[in-house]
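Here is the structure we will look at, set down as structure tokens.
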Amino acid sequence: MKMVKGLLGSFTVAALLAIAPASAQMASMECTEANMTKVSADVNKMPAGEKKTMAMKEMTMAKDMMAKKDMAGCKASMDKMMTMMK
């Protein structure tokens, strides 16, 4: 019985560790032209509404920051936009 509980605990920890990197990657995106193009297409696919409007504003801010070489500001806008798209 102890062995079964130990195995179950190990599988649970392994599953959580496997999920964590994927969710962290989803929430954070680097400011590159390729990522901007991908996210812009995803925003355009969103249904009309407040979330889409806010995501489009964040996209504009991210593009402005990228043009100014402010990668920290661009990344912050991209991250905020990604959370709106969930």
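Hydrogens, waters and symmetry mates play no part in the numbers below; they use all other heavy atoms, side chains included.
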Check: Can you list the steps and then say if Lys52 with Met84 is a side chain to side chain contact (heavy atoms under 4.5 Å, CB included)?
Finding: CA-CA 8 Å; Lys52 182 175 184 171; Met84 288 176 190; over 6 Å; no
Note to self: Please check: side-chain N/O of Lys51 versus main-chain N/O of Met85, any donor-acceptor pairing under 3.5 Å?
What the structure shows: no
Margin query: Would you say that Lys57 contacts Thr53 through its side chain, given a criterion of any heavy-atom pair below 4.5 Å between the two side chains?
Written below: yes
Next item on the list: May I ask whether Met54 and Val43 are part of the same hydrophobic cluster, defined by side-chain heavy atoms of I, L, V, M, F, W, Y residues being less than 4.5 angstrom apart, directly or through others?
Entry: no
Next item on the list: Looking only at non-hydrogen atoms, find the nearest pair between Met29 and Lys75 and report the distance.
Entry: O-CG, 3.7 Å
Note to self: For a quick test of reading the model, state the closest non-hydrogen atom pair linking Thr32 to Asn35 and the distance between them.
What the structure shows: OG1-N, 3.1 Å
Note to self: Would you compute the distance between atom CG of Asp70 and atom CE of Met61 and round it to the nearest 0.5 angstrom?
What the structure shows: 12.0 Å
Item checked: Pair Lys38 + Asp42: basic N to acidic O under 4.0 Å -> yes
Check: Quick one: does Thr83's side chain have a donor or acceptor within less than 3.5 Å of a partner on Lys80's backbone?
Finding: yes
Notebook entry, point to check: Where the side chain of Asn44 meets the backbone of Ser40, is there a donor-acceptor pair that is under 3.5 Å apart?
Noted result: yes
Next item on the list: Could you tell me the separation between the CE atom of Met65 and the CD atom of Glu58, rounded to the nearest 0.5 Å?
Entry: 9.5 Å
Notebook entry, point to check: Just how far is it from atom CG of Asp79 to atom CD of Glu30, taken to the nearest 0.5 Å?
Noted result: 8.5 Å
Margin query: Once rounded to the nearest 0.5 Å, what's the spacing between atom CE of Met36 and atom SG of Cys74?
Written below: 3.5 Å
Next item on the list: With rounding to the nearest 0.5 Å, note down the distance linking CE in Met59 to CE in Met78.
Entry: 6.0 Å
